[in-house]
Number of protein chains: 2
Amino acid sequence: MLNEAENLDNSPAVDAEPERRVRDRGATERAILAAAKSLLAEEGFQNFGINAIARRAGSDKQLIYRYYGGLDGLVEAIGADLGTWVRDRIPEDAGGMFMLTYGDLMERLALLLLDALRNDPLMRRILAWEVSENTEQVRRLSEARSKALALWLDRMRGSLAPPKGVDAAAVNAVVIAAIQHLVLSGAAGGQCAGLSLKTSKDWEKAATALKRLVRGVYG
Amino acid sequence: MLNEAENLDNSPAVDAEPERRVRDRGATERAILAAAKSLLAEEGFQNFGINAIARRAGSDKQLIYRYYGGLDGLVEAIGADLGTWVRDRIPEDAGGMFMLTYGDLMERLALLLLDALRNDPLMRRILAWEVSENTEQVRRLSEARSKALALWLDRMRGSLAPPKGVDAAAVNAVVIAAIQHLVLSGAAGGQCAGLSLKTSKDWEKAATALKRLVRGVYG
DNA sequence: CCCCGCTGTCACCAATCGGTGAGTAGCGGG
DNA sequence: CCCGCTACTCACCGATTGGTGACAGCGGGG
């Protein structure tokens, strides 16, 4: 009993060192940032707070105030970290350059974005946060995400020009909106507007519909 | 309480004393439901709680437990209320019936839905809630909303059959996803994927792009 | 050597949360 | 007239929140 209580308390068994926190500010900062990112990705922004982050990082919340200046600064750090998103998701072949038509390109980009978002819980949570709140925190994060997405699209597009006679910016925004909502809705409830979004077969149907829409405009 | 000080301070019309609550259960129930709906519409689901609702309704939170069985029951009541959404948004001419082609119909429905959502804060908040959480509460509300939307679409569609060779269900789901995300994103941050969504001119651009996409598939 | 600064820990604060139990006030039927 | 039912109010609970001030311990520079 006593031993167990002791163990549960905070101090591990006598032999195993309690892993007395080494005095390493850098490591602590990284632990906090990682805890914040994983917490946001796994739990969403509902339970995203100082206490929960400190708990998950195994640090004291005081350190969050000291090192990041509170939640705001920490969120900003997450936003800065989002820049890495682009580097991680550019296929080596950078296929865009060799696409024949703008339609080929947009179809490919749409499907790539769909998959990328489906496999990125953090990005999904940020996206959900964006449409649910309008605080300064969210605005900063939103800007970082938006910038990363724009950069990614730009890199992938290469030098291919959109066709004349269509408001490509508007059309692409609508397509991206569809992709984002499909992913959000699917992740949250497994369906969207009556269309089930659970199995990979479901997602293929959605992807096919998406391709049809893109092709219908860009040929 | 405050009212006593108020009286001493600057006594208003003595007859107009709305102070004492009339003992009218029905009125109280309605006040609570209305408070909950307006609170959700105006503040969003972040601050949607027993205390806030009771505060806004001017009633004691105990009454929410008594009359609705807690937040869950109250949310369910809101969901039931959502059925009225359909009745309120069916244009008298029910134009769908006289549409020539499925493309005409879907284009009209898309634009109607876009406007309807843009002007319905409550529906928007519920929509945002749906993609942000996955609790039982939200699931019930989501189901009610989804049912209302499906019923509306069905009423509007009339007996017009979708064209062969296209997975109309999937395509329509993607279109609806785009509409919903455009509205959410626009309401929250005033833009979506780089496309500004503030002025009515902005929205016209989005609507035009939406029409192009629908027409591209359904002709 | 001692002392100061940085890292990490802990205790405590006020506010708010959802939830409950006990009590008050007014209307209506006997 | 009075009693009981019901609408309503209030006080309190434990838990959790964001936030702060004080303290312990190590280590490097004077």
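In what follows, chains are A, B, ... by sequence order, proteins preceding strands, each numbered from 1. Just so it is clear, the values below take in all heavy atoms, side chains as well, and ignore hydrogens, waters and symmetry mates.
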Protein-nucleotide distance ([X], atom [atom1]; [N], atom [atom2]), rounded to Å:
X: A/Arg55; N: C/dC10; atom1: CZ; atom2: P; result: 15 Å
X: B/Phe45; N: C/dC17; atom1: CZ; atom2: C1'; result: 18 Å
X: B/Lys61; N: D/dT9; atom1: NZ; atom2: P; result: 14 Å
X: A/Leu63; N: D/dG19; atom1: CG; atom2: P; result: 15 Å
X: B/Asp60; N: D/dA11; atom1: CG; atom2: P; result: 11 Å
X: B/Arg30; N: D/dA7; atom1: CZ; atom2: C1'; result: 15 Å
X: B/Gln46; N: D/dT17; atom1: CD; atom2: P; result: 16 Å
X: B/Ile50; N: D/dG14; atom1: CD1; atom2: P; result: 20 Å

Does a side-chain N-to-carboxylate-O contact under 4.0 Å join [X] and [Y]?
X: A/Asp154; Y: A/Arg157; result: yes
X: B/Arg140; Y: B/Glu143; result: no
X: A/Glu204; Y: A/Lys201; result: no

Take B/Ser196 and B/Gln191, measure what side chain to side chain donor-acceptor pair (under 3.5 Å) needs, and give me the verdict at the end. CA-CA 4 Å; B/Ser196 173; B/Gln191 61 139 352; over 6 Å; no
Applying the salt bridge (charged side-chain N to carboxylate O under 4.0 Å, His left out) test to A/Glu42, which of A/Arg124, A/Arg56, A/Lys37 qualifies? A/Arg56
Quick check on [N]: is either OP1 or OP2 less than 4.0 Å from any side-chain nitrogen or oxygen of [X]?
X: A/Tyr67; N: C/dG8; value: yes
X: B/Asn51; N: C/dG18; value: yes
X: B/Arg25; N: C/dC27; value: no
X: B/Thr28; N: D/dC8; value: yes

Mapping A/Ala52 and A/Gln62 onto DNA chain D by nearest heavy atom, which one lands closer to the 5' end?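 So the residue in question is A/Ala52.
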Taking for each residue the nucleotide of DNA chain C bearing the nearest heavy atom, is the 5' side occupied by B/Gly70 or by B/Arg66?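 Its nearest nucleotide being more 5', the pick is B/Gly70.
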